[in-house]
Each structure stands twice: as C-alpha cells, then as structure tokens.
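This one's a predicted model, so the numbers in the text were calculated from it and none came from an experiment.
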Amino acid sequence: MYRIFRPSPLHIRYGISLLLSVSVSLLLISLTNYPSYSIGSIGKSNEIADRILLTIRTSNNCQSRLTYLLQSWLSPDFSEQRNIYLTTDRFHNQSNSTIWNAFRHVIQTDCPMTHNLYDLCCKTAHEFDLFYELYSTTRSDLQWMCRFDDDQYVNLNNLYHYISKFDSSRPYYIGRTSVSKRSRIRNDNRTYSFATYGAGVCYSQALLQLLRPHVSPKILAENCVSRSLPDDAYMGYLSEIVLNVSLTTINDRLHSHLQTLDNSWRTYSLADLTRMITLGFAWDRYKLDWLPIIHRLIQLVDQNQYEAADRLWLFLRDYEKAHPENLTGQYDQSCTSYKPKLTTTKSTKVKSPKIKS
C-alpha cells in the first residue's frame, strides 16, 4: 500500500552559488560570429512530455540530495511536476517536512533503507507498481516510464526529444550498459545485457505490459535474491532472456557516477555536455553541489550565450583536476548511511564507502 503525500506548494528560493556569478559576468562577452551547438529541437517532444512517468529514487538517509535537484533540473513549480514522482523508503515521521513539501508527489514504499539485493529490488518493484496503478486508474495516456536516481542531472528536453523518436506500442528497453561484457546466466550458456540504473532507464508501455506478471513487489524482490542479481541486472535478465526484448543502448548520452573522470567529464566538449540526457555525480569527483552550476551552463546554451557557456565549461571541466582534494577519511556526506566505520591497524584506514547505484 502506497502512502501518497501531496503537500501544498511552497515558494522556494535558493541562493546562487559563487561560481555561478562567473557565468553572469561572462554574459557581457560579445557573442558575434560564434558557432552554435545543436541540442535538439523539442517540437514534437513537448507532446510526449505529458505521456512519460518520471520516477526519482531517493532515501530518507539521502534527503540533502533533493535540494540540489530543486536547484537545477527539477522545477519547484508544482505545475511542472505533474508526471514526476519521488519514491523513498520512508519519511521517519516526515522529519524534514520542508524538503518533502517541495515535491508534488512523494511515494513511501516502506522498503528497507539498506542497499542489498532485496531492498533495491523492492524499491524497483514499487516504481513499476506505481506505473500500473496510474495507468489503470487516472493515467491511461501514459506511454513510457523512465526512472532515475537522486544523484543525477537529467536534461528533460533532451530526454523528451530522444524518446519521441520511438513507438511506445512496441517493446523498448532503453539505457546504458555499465559493463563491457554481456552478463552470463549462472549454470547456463545464455548471456544478456542490462542497463545500469545509475544512468537512467526507460521502458515503453508495450514492454511494461509484458513485464507486469514479473515485477510485483513480492515476486521481483524474491527472484532478484534467488538469482543473486541487483535490480538493474535482473531487469536486463527479464527483458532479454524471459521476454526476448534486447536493450537499446545509448551509452553516449546516458551517464552515471560509475564512470571514471578520464572517460567522462574530462573528455566532454560543450557540445557533448548539452546533448547529454543524464549526467552522473559522485562524492569523490564532481559533487552534487555542481548540479546547479551545470544546469546554469546548459541554460546559457539554451539562451544562445555560446561563448559565455564555452568559457565557463573550459574552466569547470578541469577544475577537479587542477584542485585535487585530500579525500583521506572523507565519505559521501549527502547520504548519512554512507559514513564509513574506522578500523584500527598500524595506521587508521577508512573503508571504501558504498556508492549509490
């Protein structure tokens, strides 16, 4: 049973980061004869925006991440959150009501707050359950479900433009692979590919109907555990092995925190950055407080401020490399559950924290 909270809208204002002031000053630069970057027309994509259910997975332990979403790609305007649902394990008596009240739809799943196989698959099952409940009651117009994590930047215009090219009446499973080799079924010669949930995944309405008998909260969680697979890998197994629907891969436009800097941020041009659908952030690289900065940069491009955006990106892209941090003893402070335990040996070492996928 879902607990759906639809709080009253709040007028939310956020301060602008110091680094964002750099972009403001750069707006004064002359833009004459500067080449443009194509980020895709959104003409037809506007029509599909109302037919995609967007879910964002978070946790009660990771509430601080939500502030960065509201400061960047997720509008605090309730009228623009019609199809966006935040899913969380629990509220702990809504201890931080201000942040929860900033979202039009918040779904409490009551799944455990840890990060093991059962808990991940429990949360995934509730995302599917939400789609089926809406589709069968008030939202029979829904054609897609796209799910994301709370440590991602999502360029919604690019997402809508890309998805609008596909026919939702055909089964599509769209995402990014996180491993180079196909996964092999235990005690079986068959292999399959799966889309990493940390980069964002989309399912067409036709595939969602095929998946329905396999993804109820009880069935999905139990089968994940029996096959020793995390939720994203198990969804690849279901789609390709059970339902014979192969992954449509877009590794060049969907990105997660799993990627190394030398294979991601440091290689992106401004044109690359603005055509991405998702970008991943990690505590030991580009942290979540970069989200509103990246959003502002993309806004500059949308406003045809190409030179200002390009100069800002050249400064930002290698900022981490030019200003290395001492990460000894540090951890992902955006989630309270990630604080590492210290072990005492000849020298005090910090265990590697679990990174949310």
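- Side chains of R253 and Y162: a donor-acceptor N/O pair is absent below 3.5 angstrom, by distance only.
- Of the inter-residue distances, the one linking R139 atom CZ with R82 atom CZ reads 3.5 Å to the nearest 0.5 angstrom.
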Quiz item: Hey, mind stepping through L54 and L156 against side chain to side chain contact (heavy atoms under 4.5 Å, CB included) and telling me if it holds?
Solution: CA-CA 10 Å; L54 302 177; L156 291 175; 3.7 Å; yes

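- Taking the side chain as every heavy atom from C-beta outward, L66 and L74 never approach each other to under 4.5 Å.
- The nearest pair of heavy atoms linking A206 to P171 is CB-N, 3.6 Å.
- Listed for the Y68 side chain is no donor-acceptor partner under 3.5 Å among the backbone atoms of D150.
- A centroid separation of less than 6.0 Å is found between the aromatic rings of Y173 and Y203.
- Using a 4.5 Å cut-off on side-chain heavy atoms (C-beta onward), Y286 and L316 make no contact.
- Q209 CD to L243 CG: the interatomic distance, rounded to the nearest 0.5 Å, is 12.0 Å.
- The nearest pair of heavy atoms linking L229 to C121 is O-SG, 4.1 Å.
- Donor-acceptor pairing under 3.5 Å is recorded for the side chains of T177 and N251.
- Residues E127 and D231 form no side-chain contact, since every pair of their non-hydrogen atoms from C-beta on lies 4.5 Å or further apart.
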Exercise. Under the side chain to side chain contact (heavy atoms under 4.5 Å, CB included) rule, what do M235 and V215 come out as? Steps first, then yes or no, please.
Key: CA-CA 9 Å; M235 293 312 304; V215 293; 4.0 Å; yes

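- To the nearest 0.5 Å, the span separating CD1 on I84 from CZ on F103 amounts to 9.0 Å.
- With hydrogens and angles left out, the side-chain atoms of N304 and Y306 include a donor and acceptor closer than 3.5 Å.
- Relative to the six-membered ring of Y197, R147 meets both conditions, a distance below 6.0 Å and an angle of at most 45° to the axis.
- Between the side chain of D310 and the backbone N or O of L270 there is no donor-acceptor pair closer than 3.5 Å.
- Aromatic ring centres of F131 and F128 lie farther apart than the 6.0 Å criterion allows.
- We find that R190 and D188 are joined by a salt bridge, their nearest charged nitrogen and carboxylate oxygen being less than 4.0 Å apart.
- Side-chain atoms of D332 never come within 3.5 Å of backbone atoms of A282 as a donor-acceptor pair (strictly under, hydrogens ignored).
- For the pair D151 (side chain) and R65 (backbone), a donor-acceptor distance under 3.5 Å is absent.
- Using a distance-only test at 3.5 Å, with no hydrogens or angles considered, no donor-acceptor pair links the side chain of R104 to the main chain of S79.
- Remark: side-chain polar atoms of H214 are not paired, donor with acceptor, to backbone N or O of L220 under 3.5 angstrom.
- If you run side-chain hydrogen bond (donor to acceptor under 3.5 Å, both in side chains) between R57 and each of D149, T109, T124, only T124 comes through.
- In the model, S269 has no side-chain atom that pairs as donor or acceptor with a side-chain atom of R317 under 3.5 Å.
- Looking only at distances, a side-chain donor or acceptor of R182 sits under 3.5 Å from a matching main-chain atom of T191.
- Side-chain heavy atoms closer than 4.5 Å link hydrophobic residues (I, L, V, M, F, W, Y) into clusters, and following such links, even through other members, never connects L297 to L314.
- Taking CG of D289 as the start and OG1 of T67 as the end, the distance is 11.5 Å to the nearest 0.5 Å.
- Looking at E133, its side chain never comes within 3.5 Å of a backbone N or O of L130 through a donor-acceptor pair.
- For N158 (side chain) and M276 (main-chain N/O), a donor-acceptor pair under 3.5 Å exists by modelled atom type.
- Listed here is the closest heavy atom pair of G236 and F194: CA-CB, 3.7 Å.
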Self-check item: Residue pair K123, D89: steps toward the side chain to side chain contact (heavy atoms under 4.5 Å, CB included) verdict
Solution: CA-CA 7 Å; K123 295 166 186 175; D89 33 44; 3.7 Å; yes

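- Atom CZ of R186 is separated from atom OG of S228 by 4.5 Å, given to the nearest 0.5 angstrom.
- Distance check, rounded to the nearest 0.5 Å: CD of E307 to CG of L300 gives 12.0 Å.
- A donor-acceptor distance shorter than 3.5 angstrom exists from the side chain of R90 to the backbone of C111, with no hydrogens or angles considered.
- Close placement of the F281 and W265 rings is indicated, their centers lying within 6.0 Å of each other.
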Quiz item: Stepwise, does the side chain to side chain contact (heavy atoms under 4.5 Å, CB included) test hold for W73 with I294?
Solution: CA-CA 9 Å; W73 67 273; I294 295 299; over 6 Å; no

